[in-house]
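Worksheet: one structure, shown below.
Lettering of chains follows the sequences in order, A, B, ..., and the numbering in each one begins at 1.
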Amino acid sequence: MSGEALQPIRGMSDIAAPDIQLWQHLERVARDILACYHFSEVRTPIVEYTSVFTRSLGEATDVVQKEMYTFEDRGGRSLTLRPEGTAGIMRYVANAGQDAQDARIFYIGPMFRAERPAAGRRRQFHQLGAECMGSPSPAADAEIIALQVHLLQAWGIKDFKLELNTRGLPDDHARVADGIRAALRPHRADLCDDCQRRFDENPLRIIDCKKSGCRAIVEQIPPVTEYMGTEARKYLQELMELLRQLEIPATANPYLVRGLDYYVHTVWEITHTGLGAQDALAGGGRYQMQMGRQTCEGVGFAIGLERILAVLQGQGVNGTDFARRPCVWLVSQGEAAFRENMLLMQSLRMRGIEASMDLSGRSMKAQMRAANKANSRFVVIRGEEEMERGTFQLKSMDSGTQEELELPEIMQRLIQERELS
RNA sequence: GUGGGUGUAGCUCAGUUGGUUAGAGCGUCAGAUUGUGGUUCUGAAAGUCGCGGGUUCGAGUCCCGUCAUCCACCCCA
């Protein structure tokens with residue numbers, strides 16, 4: 001396929017039926033739940049000044065170093081397609097000033113990362129995220145985790161696992177890095193090549209290296225919390241206690257690390273087996289970032305919607321399960337009947353009834369087939385005989401029964417059906 | 001960015017050691033004593049065998065390149 005013109009860009013996909021119905025279902029369910037938790041939607045631009053991301057996520061992170069879609073606009077400004085949602089929301093919050101001090105915001109939309117596509121990893125993917133600003137208490141962390149878990153449960157996700165850890169306060173970060181280096185120094189030669197590099201650049205990353213050799217070494221050194229002040233440890237304990245009260249199953253995992261620099265205190269991840277190598281469904285954390293002169297502090301999460309879809313589809317859920325079912329299909333024979341059906345179709349639609357018909361003058365059999373294919377509840381048949389008698393046939397496609405009725409009765413019946421369904 | 005698998009009809013895939021006009025199932029469309037769907041039967045349409053080059057009398061099949069796609073690594077949603 002030479003098809004530059006026809007195919008979407010690598011790692012980006014069109015979303016259409018039947019999948020789109022599942023997407024819309026997820027969004028509908030989510031919006032209802034988010035409203036219950038009193039979160040409101042903000043739609044920020046998909047493109048931001050590059051500095052919005054580099055300053056908040058951290059210059060040295062993988063996302064910033066090698067995964068961003070960055071380009072220059074005509075005025076020579078460096079712009080970036082958002083690789084995640086939090087930074088843009090924080091920019092919005094900082095810009096909104098006092099009005100947004102204790103904002104509770106959610107967002108949903110596409111994110112972009114220039115990575116090699118694989119199972120569960122796309123260049124354009126979609127996240128639903130929520131941010132809760134203003135409260136420095138672990139209660140806010142607990143609330144937002146409760147919301148996230150609620151969403152997954154409402155969508156019908158089974159068997160997910162919630163693990164959390166703390167990154168400590170900003171002051172703790174350097175102490176943790178030094179502590180890890182000191183503890184690992186005797187074993188340095190035994191670490192893998194990647195971890196050799198990480199030792200200097202970002203020792204925290206060694207903690208969640210998946211290689212068995214590194215794991216064995218890491219398990220011998222003290223958990224990262226050992227290097228933190230009491231405040232960080234107390235914070236995590238309080239959060240764990242709150243989650244217990246809310247009956248949210250969570251395990252503390254001292255080896256959990258998340259890649260972005262803006263995190264303080266709590267970080268967490270929700271995984272699901274059977275997703276392939278990318279098993280993270282969602283993540284979150286408490287963060288602190290500088291936006292202009294303001295320090296924005298909050299706690300938030302992001303859920304990868306493609307991965308939610310993948311899990312649900314693995315559980316046998318199908319987009320067609322959420323397809324709308326047309327109430328009635330109009331079938332006609334002859335030009336005059338066709339015209340009258342056009343009019344009838346319009347008045348049905350104006351009354352909120354899903355109505356459809358074939359517009360290309362096909363045979364009655366073909367029209368019936370189309371009605372069946374669209375899974376219509378009813379067919380209204382208007383042929384020459386009915387034209388003479390001034391009647392319509394109303395056929396139920398489920399039972400196969402059919403009766404001859406006049407226009408007012410047809411309308412009444414279909415309106416009743418709409419109210420029932 | 002590194003490595004591996006795969007590109008044949010709208011979809012899922014066959015296609016023998018290279019050998020005539022490239023096949024199946026599903027789907028689509030049309031018919032089965034003419035006004036009625038689903039089941040069944042019959043028929044039809046539909047392919048630059050990803051693209052470019054090479055080897056050969058001859059390439060869907062072999063070789064090289066390229067693009068796309070899937071999967072893994074890195075990292076994350």
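A donor-acceptor pair shorter than 3.5 Å can be found between the side chains of A/R286 and A/Y235. A donor-acceptor contact under 3.5 angstrom links the side chains of A/T295 and A/Q290, judged on distance only.
Here B/U2 sits opposite B/A72 as a Watson-Crick or G-U wobble pair (both hydrogen-bonding atom distances under 3.5 Å). With a cut-off of 3.5 Å on both Watson-Crick or G-U wobble distances, the partner of B/G65 is given as B/C51. Pairing for B/U28 is with B/A44, a Watson-Crick or G-U wobble pair whose two hydrogen-bonding atom distances lie under 3.5 Å.
Across all strands, A/I381 comes closer than 4.0 Å to base atoms (heavy-atom distances). Within the 4.0 angstrom heavy-atom criterion, no nucleotide atom of any strand lies near A/G129. Note on A/A366: only backbone sugar-phosphate atoms sit closer than 4.0 angstrom, heavy atoms only; bases stay farther off. Residue contacts for A/Q367: at a heavy-atom cut-off of 4.0 Å it reaches no nucleic acid atom on any strand shown. Among the protein residues, A/I308 comes within range of no part of the nucleic acid, since none of its heavy atoms lies under 4.0 Å from any strand. Here A/A371 lies out of heavy-atom contact (under 4.0 Å) with every strand. Across all strands shown, A/E269 has no heavy atoms under 4.0 Å from either base or sugar-phosphate atoms.
Taking the centre and axis of the six-membered ring of A/F392, the NZ or CZ atom of A/R382 falls inside the cone set by 45° and 6.0 Å. A cation-pi arrangement, defined by a distance under 6.0 Å to the six-membered ring centre and an angle within 45 degrees of its axis, is present between A/R188 and A/F199.
Close to B/C29, at under 4.0 Å from its OP1 or OP2, lies a side-chain N or O of A/R362. At B/G4, none of the side-chain N or O atoms of A/R116 fall inside 4.0 Å of OP1 or OP2 (strictly under the cut-off). Proximity of A/K365 to the phosphate of B/G37: a side-chain N or O atom is located under 4.0 Å from OP1 or OP2.
Between A/S399 and A/I9, the residue whose closest nucleotide on RNA chain B is further toward the 5' end is A/S399. The nearest heavy atom of RNA chain B to A/K395 and to A/S363 marks one nucleotide each, and the one closer to the 5' end goes with A/S363.
If you take atom C1' in B/G53 and the same atom in B/U16, they sit 27 Å apart, rounded to whole Å. As rounded to the nearest Å, B/U61 and B/C49 have P atoms that lie 10 Å from one another. Rounded to a whole angstrom, the distance from the C1' atom of B/A32 to that of B/U39 is 14 Å.
Screening A/E297, A/H265, A/E131, A/R167 for a side chain to side chain donor-acceptor pair (under 3.5 Å) with A/Y287, the sole residue that qualifies is A/E131.
Contact of A/E386 with B/G35 (side chain to base): a donor-acceptor pair of N or O atoms is detected under 3.5 Å. Counting distance only, with no hydrogens placed and no angle test, the side-chain atoms of A/K373 and the base atoms of B/G38 include no donor-acceptor pair under 3.5 Å. If you check distances only, the side chain of A/Q278 never reaches the base of B/A72 with a donor-acceptor pair under 3.5 Å.
Of the candidates B/G37, B/C71, B/A77, B/G37 carries the atom nearest the A/M397 side chain, counting heavy atoms from C-beta on. Among the nucleotides B/U36, B/G37, B/A77, the one closest to the side chain of A/Q402 is B/U36. Closest contact between the side chain of A/E115 and the listed nucleotides B/A77, B/A72, B/A30 involves B/A77. Nearest to the side chain of A/Q7, among B/A68, B/C71, B/C76, sits B/A68.
Looking only at side-chain heavy atoms (C-beta outward), A/M368 and A/K395 come within less than 4.5 Å of each other.
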